[in-house]
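Okay, structure first, notes after.
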Amino acid sequence: MRKIPLLATLTLAASLLAVPPAQAADFPFQNPALPVEQRVDDLLGRLTLQEKLGLLHQSQAAIPRLGIAYHKNGTEALHGVGWSNHLNDNWSQKFASGTVFPQAVGLASTWDPELIKRVGSAVGDEVRGYNDADPVLWGLQVWAPVVDLLRDPRAGRNEEGYSEDPLLTGAVSTAYGKGLQGDDPVYLKTAPVLKHYLAYNNETNRGTSSSNLTPKLKHEYYEQAFKAAISANAATGVMASYNLVNGRPNHVNPDLATTVRSWTDKTLYNVSDAWGPYALTELEKYYDNKPEAFAAVLKAGLDSYTIDDSNAAPLAEHLTAALDQGLITVADVDRAVRNVLTIRTRLGHFDPDGGPYKKITKDVINSPANQKLNREAAGRASVLLRNSGALPFKEPKSAAVVGPLAGTLYRDWYGGKAPYQVTPVDGIKERVGDVSTGAGLERIALKHLDSGKYLTATGTGANDNAALIDTAPTAASQWDLTDWTGGVSTLRNAGNGKLLGGDWRSLDTDDADPDGWYVQQQFALEAQSDGSYLIRYAGYETVEGWYGLPDPYVTVAADGTLGLAPKAQAAKFGKEIVSDGVAAAAAQAAKAEVAVVVVGSHPFVAGREFHDRANLQLGAGQRRLIEAVRKANPRTVVVLETSYPVVVDAPNLLWTTHAGAETGHAVADVLFGAVNPAGRLTQTWPAGDSLPDIYNYDLAKTGMTYLYGKGKPLYAFGHGLSYTTFGYQGLTVQGGKVSVKVTNTGKVKGDEVVQLYTHQRESRFKQPVKQLRGFQRITLNPGETRTVTFTLKKSDLAVWDYTRGKWAVESATHDVLVGSASDKIRQSTTLRVSGETIPVRDLAKTTRAMDFDDYAGVTFADETKAGGDAVEGSAGDWISFTGASFGSRFTAGVSSVSGGSLELRSGSPTGALLGTVQVPATGGIYQWGTATATVKAGSGSLYLVFKGDLRIKDFALAR
């Protein structure tokens with residue numbers, strides 16, 4: 001195998017730090033007057049192979065001989081400029097301190113694409129501003145937006161996505177992406193990349209779990225959010241996700257080179273997620289060696305490898321080996337490099353003056369205009385979930401504002417550090433003269449029952465530990481307990497103000513807040529039948545394979561040393577309440593004219609990237625606080641600040657996500673009526689924790705999301721209240737237009753989000769309960785009426801016909817439904833669509849096994865590592881094909897390690913036996929053979945029942 005010459009490697013490393021000299025347009029690729037394609041062709045022809053390989057890395061070395069500057073991919077810009085990694089500081093994480101907008105799920109809750117485009121534009125400006133200040137640190141390819149559909153509210157990255165609905169997600173991501181990249185027809189302000197392709201909505205085992213996608217749901221649901229933004233040219237590529245789909249890792253998903261690129265005539269620049277290419281050999285064990293894996297990544301359609309921080313040498317080594325072994329060609333490398341250069345050219349990297357967006361300077365960062373926009377966005381994102389009449393407040397003279405989120409704001413993993421904070425207390429104090437406040441927490445002492453000593457913080461330094469010291473509670477052995485969500489809490493020491501942490505199996509108290517990748521400040525106090533408590537450690541590193549200590553608990557060794565060990569060794573503690581912040585908050589509320597309880601989640605605790613939530617419950621302490629304050633003051637409003645759905649019962653309930661620096665202003669604006677709330681939920685809030693397996697992505701079977709859910713949720717998709725009321729009348733459908741009159745029937749100006757849904761009554765295929773087809777957020781004065789018109793094309797009603805592998809519009813009657821939420825339909829009519837009737841399925845033709853009508857027990861698998869899907873089953877599993885006709889000569893493409901058989905049955909898995917097909921051992925799951933048999937011909941429903949372990953990719957029943 002040819003090795004990279006040492007001199008080339010050293011030159012590559014040295015050039016990372018080189019600063020290219022200023023040059024005029026000496027080469028055609030530097031000439032802005034030439035077409036982008038011509039410029040890219042010229043530059044590509046000037047590059048050496050080693051320079052090309054370096055451009056396939058996330059950290060791209062400068063090329064001084066051509067005047068090309070260093071470039072880094074992947075500035076995080078999900079809801080403001082978040083963070084990046086610095087080449088010249090050991091690749092350390094550096095946070096921005098610009099405008100922090102509401103979390104992504106909050107932005108989407110505005111249902112306002114025009115606003116979101118303005119937000120995206122402001123973020124794009126600030127990316128340019130940071131790039132102006134430090135172009136090495138702040139690259140212009142931004143990894144945002146996240147368009148993963150929020151199929152399951154327990155998924156840890158809920159805060160990063162927009163909606164469970166593909167149309168809404170597509171509209172929001174298109175708006176944000178267009179804002180990020182600007183309106184120039186050629187040049188890009190920034191280059192947005194959509195995260196994460198495809199069907200990625202669980203964090204537990206995210207690198208080894210496989211999302212089971214039927215062809216129908218893949219085309220109709222999971223692809224659509226990505227397709228919308230790409231086809232609108234609102235993004236310049238996608239990032240591959242960590243998970244597998246139907247048994248194949250998404251980092252080698254052939255869709256990246258085919259399907260995704262078919263959605264646009266623009267050049268896309270697709271990237272890997274961090275470490276993703278290495279997962280193919282080290283975690284997923286999908287390939288035997290790195291040259292094979294890295295070659296497969298390139299051929300699948302990824303153009304950039306996010307690996308090894310700033311060190312591109314290993315990538316060059318693996319791809320060079322792949323070239324030597326004939327796994328890829330130089331043409332494969334050139335194709336990917338062309339994609340890189342196209343986007344970099346459009347970013348102005350090769351223009352002598354840096355292109356038209358180079359004029360944006362650091363002065364835009366956290367500008368007054370952006371602060372104003374931030375406040376507007378946070379207010380428009382707020383969702384009034386319930387209101388018994390307490391809101392809006394009518395100029396109260398006093399207020400009690402209590403709760404763990406009343407007086408502080410928290411950064412999230414993909415957010416920057418806010419340069420200032422307006423908390424809910426701050427916002428309310430601007431309107432009320434007499435405001436009392438408090439966190440409403442229990443201050444407790446934890447007494448080790450065997451020794452009688454208390455859990456104590458040992459000091460105030462940077463490396464303080466926790467130990468059993470005090471024999472009576474002092475400040476150092478008192479802890480403010482915050483029960484966040486899902487039973488996970490934090491414990492802040494009253495003496496040094498720091499949090500209890502699990503310091504790699506010991507305990508410490510030297511962190512101000514939960515933060516970082518391994519959040520070690522998480523514990524759960526588990527009550528025992530004898531009144532004692534066990535303290536379970538819930539730090540994020542416990543899910544890592546190397547941690548090697550499942551289910552860790554706080555323990556006490558014979559010498560009194562504290563540590564973490566399995567539950568069987570857990571120490572028992574007594575929980576003593578030193579002071580009751582809940583009672584104090586209730587007392588404050590009783591004296592105030594109104595009370596506001598601000599509760600919710602911490603963005604780093606109990607649910608975040610790499611960690612799904614166990615349930616949807618608000619912490620017990622926060623629930624007690626709500627109940628106590630409500631009992632003390634009936635004019636209590638609960639402000640719920642979370643990154644995801646949480647089950648909360650309160651008659652006056654306002655939801656906001658963690659909404660950035662202007663959270664407090666936005667909350668106060670809504671509470672006091674300066675903003676009439678019109679945010680709407682973008683996902684279903686289930687009524688409880690009876691949810692299906694988080695790994696099951698088949699919505700049609702699980703009933704997840706409003707599309708297929710038939711039960712009554714806590715709050716429905718699209719739900720949100722207003723301080724005014726709206727009437728609907730005169731729904732008409734004519735000529736591809738749906739029109740309805742909407743009137744503000746209340747006494748104050750307000751926004752309504754008018755939502756259009758349809759339901760197809762008759763179909764060859766299972767249809768959603770209803771499906772969003774359009775929405776408009778409109779503003780109406782009292783008494784004002786407006787006609788809202790939606791475009792509804794016939795093609796919008798197409799379904800994926802998996803019997804023929806194409807889109808089809810069926811002849812059917814559709815319910816046309818208009819309302820203010822998916823469960824609040826105000827007007828309805830019907831539309832008869834003239835289309836086609838799906839023909840009887842002719843199984844005499846070769847049929848893909850994945851194109852079944854129904855299934856049970858089977859796994860969706862990869863036909864080969866390069867492409868194709870198959871069905872894998874064991875004894876008793878089955879797939880069925882309905883509305884079919886079939887002959888007697890059965891032929892199937894099969895694979896099996898040990899051999900087995902297929903039973904063909906009529907009508908049901910246990911119906912009349914039509915024949916048995918023996919499947920011989922083929923030598924492996926990717927070794928395909930042919931199984932044949934003569935069976936009884938027929939029509940109707942055909943069931944293929946698995947006997948033994950085998951895979952089937954296709955079959956035919958010839959006549």
**OP:** Please lay out, stage by stage, how Asp148 and Arg206 fare under the test salt bridge (charged side-chain N to carboxylate O under 4.0 Å, His left out).
**Re:** CA-CA 14 Å; Asp148 300 316; Arg206 65 181 184 175; over 6 Å; no

Subject >> Arg39 and Gln30: side chain donor to acceptor below 3.5 Å >> reply: no

Original post:
How about Asp351 and Tyr187: does a side-chain donor come under 3.5 Å of a side-chain acceptor?
Top reply: yes

Subject >> Tyr130 side chain reached by Thr75 side chain, heavy atoms, under 4.5 Å >> reply: no

Original post:
Going by atom types alone, do Tyr414 and Glu609 pair a side-chain donor with an acceptor below 3.5 Å?
Top reply: yes

Subject >> With Trp138 via side-chain hydrogen bond (donor to acceptor under 3.5 Å, both in side chains) - residues at least two apart >> reply: none

**OP:** Decide side-chain contact (heavy atoms from CB on, under 4.5 Å) for Lys299 and Ile328; before the verdict, give the C-alpha distance in whole Å, the side-chain angles of both, and the deciding distance to 0.1 Å.
**Re:** CA-CA 8 Å; Lys299 293 182 77 69; Ile328 54 173; 3.8 Å; yes

**OP:** Can you run down the side chain to side chain donor-acceptor pair (under 3.5 Å) pairs that involve residues 120-129, sequence neighbours left out, and say none if there aren't any?
**Re:** Thr99-Glu126, Ser121-Lys189, Asp125-Lys189, Glu126-Asn370

**OP:** Determine whether Leu149 and Asn201 make a side-chain contact, defined as any pair of heavy atoms from C-beta on separated by less than 4.5 Å.
**Re:** no

Subject >> Separation of Ile365 CD1 from Ile360 CD1 (nearest 0.5 Å) >> reply: 11.0 Å

Original post:
After noting the C-alpha distance and the side-chain angles of Tyr420 and Asn366, does the key distance pass the side-chain hydrogen bond (donor to acceptor under 3.5 Å, both in side chains) rule?
Top reply: CA-CA 10 Å; Tyr420 67 95; Asn366 194 37; 4.7 Å; no

Original post:
Are any non-hydrogen side-chain atoms of Asp324 and Pro291 less than 4.5 angstrom apart?
Top reply: no

Original post:
In chain order, what residues pass the side-chain hydrogen bond (donor to acceptor under 3.5 Å, both in side chains) check against Lys117, with sequence neighbours excluded?
Top reply: Asp183

Subject >> Step-by-step side-chain contact (heavy atoms from CB on, under 4.5 Å) determination, Asp255 to Glu223 >> reply: CA-CA 10 Å; Asp255 288 355; Glu223 287 181 348; 4.1 Å; yes

Original post:
Distance only, no hydrogens: is a donor on one side chain within 3.5 Å (strictly under) of an acceptor on the other, for Trp91 and Gln93?
Top reply: no

**OP:** Please test Asp334 against Arg338 for salt bridge (charged side-chain N to carboxylate O under 4.0 Å, His left out), starting from the C-alpha separation and ending with a verdict.
**Re:** CA-CA 6 Å; Asp334 285 352; Arg338 185 180 299 277; over 6 Å; no

Subject >> Within-4.5 Å side-chain heavy-atom neighbours: Lys227 and Val260 >> reply: no

Original post:
Between Gln103 and Ser643, is a side-chain hydrogen bond (donor to acceptor under 3.5 Å, both in side chains) present by the stated rule, with each step listed?
Top reply: CA-CA 8 Å; Gln103 289 179 306; Ser643 305; 3.1 Å; yes

Original post:
Hey, are Asn250 and Asn243 close enough side-chain-wise for a donor-acceptor pair under 3.5 Å?
Top reply: yes

Original post:
Which residue pairs satisfy the salt bridge (Lys or Arg N to Asp or Glu O under 4.0 Å) criterion with at least one member in residues 54-63, sequence neighbours excluded?
Top reply: none

Subject >> Criterion side-chain contact (heavy atoms from CB on, under 4.5 Å) on Leu341 and Leu55, from CA distance to verdict >> reply: CA-CA 8 Å; Leu341 297 179; Leu55 289 169; 3.9 Å; yes

Subject >> More than 12 heavy atoms of other groups within 6.0 Å of Asn90 CG >> reply: no

**OP:** Take Asp515 and Arg411 through the test salt bridge (charged side-chain N to carboxylate O under 4.0 Å, His left out) and record every step on the way to the result.
**Re:** CA-CA 9 Å; Asp515 205 340; Arg411 184 183 69 84; 2.6 Å; yes

**OP:** Sorted by first residue and then second, give each salt bridge (Lys or Arg N to Asp or Glu O under 4.0 Å) pair with at least one member in residues 274-286; sequence neighbours left out.
**Re:** Glu282-Lys290

**OP:** Applying side-chain contact (heavy atoms from CB on, under 4.5 Å), run through His57 and Asn73 and close with a yes or a no.
**Re:** CA-CA 9 Å; His57 195 262; Asn73 287 339; over 6 Å; no

**OP:** Verify the distance criterion only: is there a donor paired with an acceptor across the side chains of Tyr518 and Glu544 at less than 3.5 Å?
**Re:** yes

**OP:** Sequence neighbours left out, what passes ring-ring contact (aromatic ring centres under 6.0 Å, His included) with Trp517? Give chain and number order.
**Re:** Trp413, Phe610

**OP:** Using a 4.5 Å cut-off on heavy atoms from C-beta on, say whether the side chain of Glu203 contacts that of His611.
**Re:** no

**OP:** Compute whether any side-chain donor of one residue and acceptor of the other, for Asp273 and Thr306, lie under 3.5 angstrom apart.
**Re:** no

Subject >> Side-chain heavy atoms of Thr190 within contact of Val123, under 4.5 Å >> reply: no

Original post:
Between Ser209 and Leu244, is any pair of side-chain heavy atoms under 4.5 Å apart?
Top reply: no

Original post:
How would you list all residue pairs meeting ring-ring contact (aromatic ring centres under 6.0 Å, His included) that involve residues 321-356, not counting sequence neighbours?
Top reply: Phe29-Phe350, His71-His349

Original post:
Residues two or more places apart in sequence or in another chain: which of them pass salt bridge (Lys or Arg N to Asp or Glu O under 4.0 Å) with Glu114?
Top reply: Arg118

**OP:** Please collect all ring-ring contact (aromatic ring centres under 6.0 Å, His included) contacts where either partner lies in residues 285-316, sequence neighbours excluded, each pair once.
**Re:** Tyr278-Phe294, Phe294-Tyr305, Phe294-His318

Original post:
Hey, are Asn339 and Asp303 close enough side-chain-wise for a donor-acceptor pair under 3.5 Å?
Top reply: yes

Original post:
At what distance, to the nearest 0.5 angstrom, does OG1 of Thr342 lie from OH of Tyr269?
Top reply: 11.0 Å

**OP:** To the nearest 0.5 Å, tell me how far Leu302 CG sits from Leu298 CG.
**Re:** 8.5 Å

Subject >> Contact list for residues 80-103, test salt bridge (Lys or Arg N to Asp or Glu O under 4.0 Å), sequence neighbours left out >> reply: Asp89-Lys94

**OP:** Any chance you could measure Glu160, atom CD, to Asp412, atom CG, to the nearest 0.5 Å?
**Re:** 8.0 Å

Original post:
side-chain hydrogen bond (donor to acceptor under 3.5 Å, both in side chains) with Thr361: which residues, sequence neighbours excluded?
Top reply: Asp363

Original post:
Hey, what do you get for CG (Leu137) to NZ (Lys72), rounding to the nearest 0.5 Å?
Top reply: 7.5 Å

Subject >> Note, Phe27 side chain near Leu43 side chain (heavy atom, < 4.5 Å) >> reply: no

Original post:
Who passes side-chain hydrogen bond (donor to acceptor under 3.5 Å, both in side chains) against Asn158, sequence neighbours left out?
Top reply: Gln683

Subject >> Polar side-chain atom of Ser241 near backbone of Leu198 as donor-acceptor pair, under 3.5 Å >> reply: yes

**OP:** Check the side chains of Tyr222 and Ser211 for a donor-acceptor pair under 3.5 angstrom, ignoring hydrogens and angles.
**Re:** no

**OP:** Measure the CD-CG distance between Glu76 and Asn85 for me, rounded to the nearest 0.5 Å.
**Re:** 8.5 Å

Subject >> Donor-acceptor under 3.5 Å (Arg608 side chain, Arg157 main chain) >> reply: no

